[in-house]
Amino acid sequence: MQTATILVTGGAGYIGSHTCIELLHAGFKVLVVDNLDNSSEESLKRVEQITGKTVDFIKGDVRDAQLMASIFADNKIAATIHFAGLKAVGESCAMPLEYYDNNVNSTLVLCQAMEKANSKNLVFSSSATVYGDPEVLPLTEDMPLSATNPYGRSKLIIEEMLRDLPESDKLKKSDNPWSVALLRYFNPVGAHESGKIGEDPSDTPNNLMPFITQTAVGRRAELSIFGSDYDTVDGTGVRDYIHVVDLARGHVKAVQKLLSKDGIDGVQAYNLGTGNGISVLEMVKAFSAENDVAVPYKLVERRPGDVAACYADATRARVELDWVAEMSLEDMVRDSWKWQSLNPDGYTV
Ligand code: NAD
Ligand code: WQD
């Protein structure tokens with residue numbers, strides 16, 4: 001099983017590149033397809049340096065049906081991890097059609113190629129954003145789902161589309177049914193401990209951690225903390241930050257489950273988070289203390305669309321996938337800073 005080939009769409013990106021490392025460590029072969037719209041091939045070269053193993057890479061778009069058909073015709077793919085897509089919430093409000101095209105259409109084309117090749121094991125990158133504005137915390141997988149922006153809606157639409165597949169298997173009496181893990185990530189941060197790969201946003205970062213690291217390294221004058229009057233421990237927003245290496249290992253566990261004798265019966269959602277809520281101020285203070293570096297900040301108005309707090313109950317992933325997040329807040333801030341300080345301009349080489 002361990003020499004099986006895993007197709008990784010979007011594998012040159014932030015979470016994808018870390019997952020390639022963990023797949024290679026676990027003994028899998030990795031084939032990446034990525035159009036490099038939001039990444040650099042350099043990340044995969046560094047994955048090869050870190051692991052001493054080869055990554056097969058095809059530069060291309062997952063929406064290209066001919067390309068996807070040829071990938072499945074030329075390779076025996078044991079399972080596919082689908083990271084490829086667009087992910088910026090604000091941008092999705094300005095260009096919703098691009099988001100539906102890239103996110104929904106890529107999944108549609110991918111699944112058609114998978115079905116044709118009878119290769120029906122899929123791990124899909126979903127997001128905690130599918131819980132909308134949560135009323136009850138921590139979040140379990142069966143809580144109500146909703147979308148507050150086109151990005152989130154694209155993830156919800158994809159989840160619903162994938163949930164239709166097992167029924168089609170029943171009607172067709174398929175002897176190789178779909179087996180799908182929907183992984184709902186909370187807030188990924190951190191980087192590989194080597195400092196060789198990490199998050200490299202091409203524009204001004206939307207997310208907190210790259211904004212902190214770019215401020216600390218001097219690329220930004222100061223961090224704006226959005227809102228200090230939330231009903232939280234110190235008034236700033238609370239999130240469930242998860243180290244990207246823990247997240248990557250969650251993908252390996254999901255693939256191993258798909259390929260195991262028990263498999264996943266149809267479609268199952270899993271929260272991947274630590275279960276701990278951390279406030280923005282707690283994160284900034286932990287970052288400064290661990291790395292002995294200043295992060296100038298100011299408190300400003302709330303960011304429209306933000307929720308006060310969001311954190312996971314990840315019990316299902318522990319029980320069914322044998323996965324728990326193991327890395328600490330100190331690991332997250334240290335590794336984020338190591339990547340940024342060793343690569344102040346990202347993958348520019
Ligand atoms: P990323 O932008 O670093 O990686 C996505 C990769 O997909 C990039 O390398 C990009 O070039 C590629 N890509 C985009 N569209 C493509 C297409 N049509 N064909 C081929 N390649 C394409 O983003 P990431 O942070 O690694 O996120 C990966 C996945 O996880 C995304 O689906 C995202 O929505 C989801 N996710 C991310 C977060 C987060 O905060 N980073 C949280 C929850 C879910
Ligand atoms: C975290 C906290 C901000 C930036 C988003 C998407 C979600 C998922 C992860 C993909 C909040 C505060 C941030 C800044 C700040 N992505 N903040 N100053 O909003 O929880 O989730 O990314 O699926 O879908 O919505 O993450 O990192 O943007 O914000 O004060 O410059 O940091 O207000 O409290 P968020 P984030």
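Order of appearance sets the numbers: ligands from 1, and atoms from 1 within every ligand.
Residue-ligand proximity: S106 is placed with every non-hydrogen atom at 4.0 Å or more from ligand 1. Taking 4.0 Å as the cut-off, Y297 does not count as a neighbour of ligand 2 on heavy-atom distance. Between R184 and ligand 1 there is no heavy-atom distance shorter than 4.0 Å. For the ligand labelled ligand 1, residue G60 lies inside the 4.0 Å heavy-atom shell. Not a single heavy atom of T9 lies less than 4.0 angstrom from ligand 1. Under a 4.0 Å heavy-atom criterion, Y185 is not in contact with ligand 2. Ligand 1 is approached by S126 to a heavy-atom distance shorter than 4.0 Å.
For atom 35 (P) of ligand 2, the closest non-hydrogen atom of the protein is N187 ND2, 3.6 Å. Annotation: atom 2 (C) of ligand 2 to nearest protein heavy atom, Y241 OH, 3.4 Å. Protein heavy atom in closest approach to atom 27 (O) of ligand 2: L208 N, 2.8 Å. The shortest contact between atom 12 (C) of ligand 2 and any protein heavy atom is with V280 CG2, 3.7 Å.
When heavy-atom distances to ligand 2 are checked against a 4.0 Å cut-off, S224 comes that close only through its backbone atoms N, CA, C and O.
A ring-centre distance under 6.0 Å is found for Y185 and H251.
A salt bridge does not link D56 with K29: none of the charged nitrogens is closer than 4.0 Å to a carboxylate oxygen.
Proximity to G237 (heavy-atom distance under 4.0 Å) selects the following atoms of ligand 2: 34 (O). Using a 4.0 Å cut-off to heavy atoms of Y151, the atoms of ligand 1 that qualify are 33 (C), 34 (O), 35 (C), 36 (N), 44 (C). Near R239, meaning under 4.0 Å from any of its heavy atoms, are these atoms of ligand 2: 1 (C), 11 (C), 20 (O), 34 (O), 35 (P). Atoms of ligand 2 lying under 4.0 Å from at least one heavy atom of N206, given by number and element, are 4 (C), 28 (O).
Relative to atom 40 (O) of ligand 1, the option among A128, S92, P188 with the closest non-hydrogen atom is P188.
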